[in-house]
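Throughout, residue positions are numbered sequentially from 1 according to the sequence presented. Whatever order the structure lists them in is the order used to number ligands and atoms, beginning at 1.
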Amino acid sequence: MLRNDGPAIETHGVTRRFESRKGFLFRDVTRTDALQGVDLTVERGSIFGLLGPNGAGKTTLTKILATLLLPTGGVAKVLGHDVTQDAAWLRPRMGLVLGGERGLYNRVSGRENLRYFADLYGIPTAEREERIRSVLERVDLLAAADRRVEEYSRGMKQKLHLARGILHRPEILFLDEPTIGLDPKSARETRKLIRSLVADGVTIFLTTHYMFEAEELCPQLAVLSKGRIVARDSVDRLRQLVGGDRTLEAEAYGFDDVEVAALRRLPGVSKVAEEEFGPATRLTIRLRTDEIGIEEVQRALPGHDELSVRERRTSLEDVYLDLVEEEAR
Ligand SMILES: Nc1ncnc2c1ncn2[C@@H]1O[C@H](COP(=O)(O)OP(=O)(O)OP(=O)(O)O)[C@@H](O)[C@H]1O
Ligand SMILES: [Mg+2]
């Protein structure tokens, strides 16, 4: 089938500049280059995760891919079609969930909201009610389906947004922070739903601030920082990129610079980061090789009776912070 050919998303040099005017006769122009040349390829049929600090451009990129916002430069293709030229072809094949309070009708029920969107998407009337019932069931909102949306909690609204996003059975679904504001149980159910959509063949592009979520859901990730992709790979490969999957942590009541420098000189150490928390200091030691372990670190830090050293696996959060910090330098 033709639709399975080629990547789900392909962008080349995508830029987006925002200009806002204020002041006398709106003469003061503030320009923000939210995206500064984004090159990205996302394969079909899986979950792709986009990470990045606040203001990195994640929502801007998501909106451009979902044809909600035009790029100011570059080319973006979704399902092989240009987002600028082929928006009408793309829209029925895409779902977008931005979340938040907007985009729902508060005065009517969840079910009635979905009826409105079903008509908008051109879902045949004969299929409509069953389709709505099944998506409401899928997001676990059936019991509240006939209550007015203004009575919904934030999490219930988020679920309704998701239901709207999948109502027309899109081939590709864009989810901007899908589990924000959800309690742990609802967040877990939402992740389960996302996985089940992929099992049905849907491609998912999601943004998140939750590292464990990205690690759990996304075989492929990209990190966006200040409008640029600074890394793009699997979680394991990203770990290698920042220097291996072993991390040691040493905690005590303060270390001096000489001690930190000594640690940095130990074989296989790729990075030592210092972090205060309360009265204690934690040193995070990233290891490139297996040459040293807990004992060598203990020996390098004599004279701390209260010293505790442990080993853990390098987390995606470590990797992420390294990448974003590097950009900030
Ligand atoms: N409509 C707009 N007008 C002007 N500037 C905008 C507009 N939308 C976004 N921006 C700016 O573009 C940059 C990227 O914003 P964007 O919302 O894409 O970031 P984000 O990565 O989604 O951040 P967050 O994690 O906080 O959601 C920011 O500097 C933001 O202020
Ligand atoms: Mg955002």
Side-chain angles (χ1 to χ4, degrees), residues 9 11-23 25-40 42 47-76 78 83-84 87 94-104 154-155 157-158 161-162 164-165 172-182 187 190-191 194 204-218 220-232 238 316-317 319-328:
I9 299 171
T11 76
H12 297 285
V14 166
T15 60
R16 171 70 210 205
R17 169 175 283 187
F18 290 107
E19 290 190 349
S20 43
R21 291 169 177 276
K22 50 180 188 280
L25 295 178
F26 297 98
R27 271 185 189 147
D28 303 332
V29 185
T30 323
R31 295 189 180 87
T32 309
D33 289 305
L35 298 175
Q36 310 196 39
V38 172
D39 298 317
L40 201 62
V42 174
I47 311 181
F48 188 89
L50 186 66
L51 302 172
N54 293 129
K58 300 179 299 298
T59 300
T60 304
L61 182 61
T62 307
K63 284 182 173 171
I64 286 175
L65 295 172
T67 76
L68 218 67
L69 198 69
L70 289 171
T72 29
V75 176
V78 175
V83 293
T84 308
M94 303 192 301
L96 168 66
V97 180
L98 290 174
E101 298 288 312
R102 290 170 58 194
L104 296 171
R154 195 162 147 202
K157 284 182 187 163
Q158 184 67 4
H161 273 297
L162 262 170
R164 178 189 52 71
I172 182 164
L173 188 60
F174 296 95
L175 303 172
D176 194 14
E177 302 188 42
T179 59
I180 194 165
L182 297 183
T190 301
R191 289 195 291 275
I194 291 170
I204 311 254
F205 180 94
L206 70 83
T207 76
T208 182
H209 283 289
Y210 304 127
M211 297 302 139
F212 70 94
E213 183 165 289
E215 201 157 2
E216 190 187 309
L217 284 179
C218 310
Q220 291 287 317
L221 292 168
V223 178
L224 192 66
S225 178
K226 296 186 186 137
R228 289 198 176 87
I229 303 282
V230 294
R232 185 217 177 291
L238 287 176
L316 181 59
E317 188 159 346
V319 175
Y320 171 80
L321 289 173
D322 275 12
L323 289 168
V324 173
E325 269 170 27
E326 237 165 66
E327 268 307 286

Legend entry - Per-atom contact, atom 31 (O) of ligand 1, protein heavy atoms, under 4.0 angstrom: no

Legend entry - Main-chain N/O of Val42 paired to Gln220 side chain as donor or acceptor, under 3.5 Å: no

Legend entry - Close-contact set for ligand 1 against Thr32 heavy atoms, below 4.0 Å: 11 (C), 12 (O), 29 (O)

Inset, instruction - State whether the shortest distance between N or O atoms of Gly55 and N or O atoms of ligand 1 falls below 3.5 angstrom. - result: yes

Inset, instruction - Sort out for me which residue in Thr62, Thr207, Thr208 forms a side chain to side chain donor-acceptor pair (under 3.5 Å) with Asp176. - result: Thr207

Inset, instruction - Please determine if Phe18 has a nitrogen or oxygen closer than 3.5 Å to a nitrogen or oxygen of ligand 1. - result: no

Inset, instruction - May I ask you to decide if Leu40's main-chain N or O and Thr11's side chain share a donor-acceptor pair within less than 3.5 Å? - result: yes

Legend entry - Main-chain N/O of Pro53 paired with Lys58 side-chain donor or acceptor, under 3.5 Å: yes

Legend entry - Atom indices of ligand 1 within 4.0 angstrom of Thr60 heavy atoms, with elements: 14 (C), 15 (O), 16 (P), 18 (O)

Legend entry - Any His209 heavy atom less than 4.0 Å to ligand 1: yes

Legend entry - Atom pair CZ/CE of Phe174 and Met94 - distance to nearest 0.5 Å: 5.5 Å

Legend entry - Short side-chain to backbone donor-acceptor contact, Arg164 and Leu96, under 3.5 Å: yes

Legend entry - Residue-ligand contact Glu177/ligand 1, heavy atom below 4.0 Å: yes

Inset, instruction - Could you confirm whether Thr59 has any N/O/S atom lying under 2.8 Å from the Mg ion (ligand 2)? - result: yes

Inset, instruction - Consider ligand 1: state whether an atom of it lies below 4.0 angstrom from any non-hydrogen atom of Gly57. - result: yes

Inset, instruction - Pull out every atom of ligand 1 sitting under 4.0 Å from any heavy atom of Thr59, numbered as shown with elements. - result: 17 (O), 18 (O), 20 (P), 22 (O), 27 (O)

Inset, instruction - Nearest 0.5 Å please: distance from the CG atom of Leu206 over to the CD atom of Glu177. - result: 10.0 Å

Legend entry - Any Pro53 heavy atom less than 4.0 Å to ligand 1: yes

Legend entry - Main-chain N/O of Leu35 paired to Arg228 side chain as donor or acceptor, under 3.5 Å: no

Legend entry - Geometric N/O contact Asn54 with ligand 1, under 3.5 angstrom: yes

Legend entry - Carboxylate-amine/guanidinium contact Arg17 Asp33, below 4.0 Å: yes

Legend entry - Numbered atoms and elements of ligand 1 in range of Ala34, under 4.0 angstrom, heavy atoms: 12 (O), 13 (C), 14 (C)

Inset, instruction - Ignoring hydrogens, tell whether any protein atom lies closer than 4.0 Å to atom 14 (C) of ligand 1; use the non-hydrogen atoms only. - result: yes

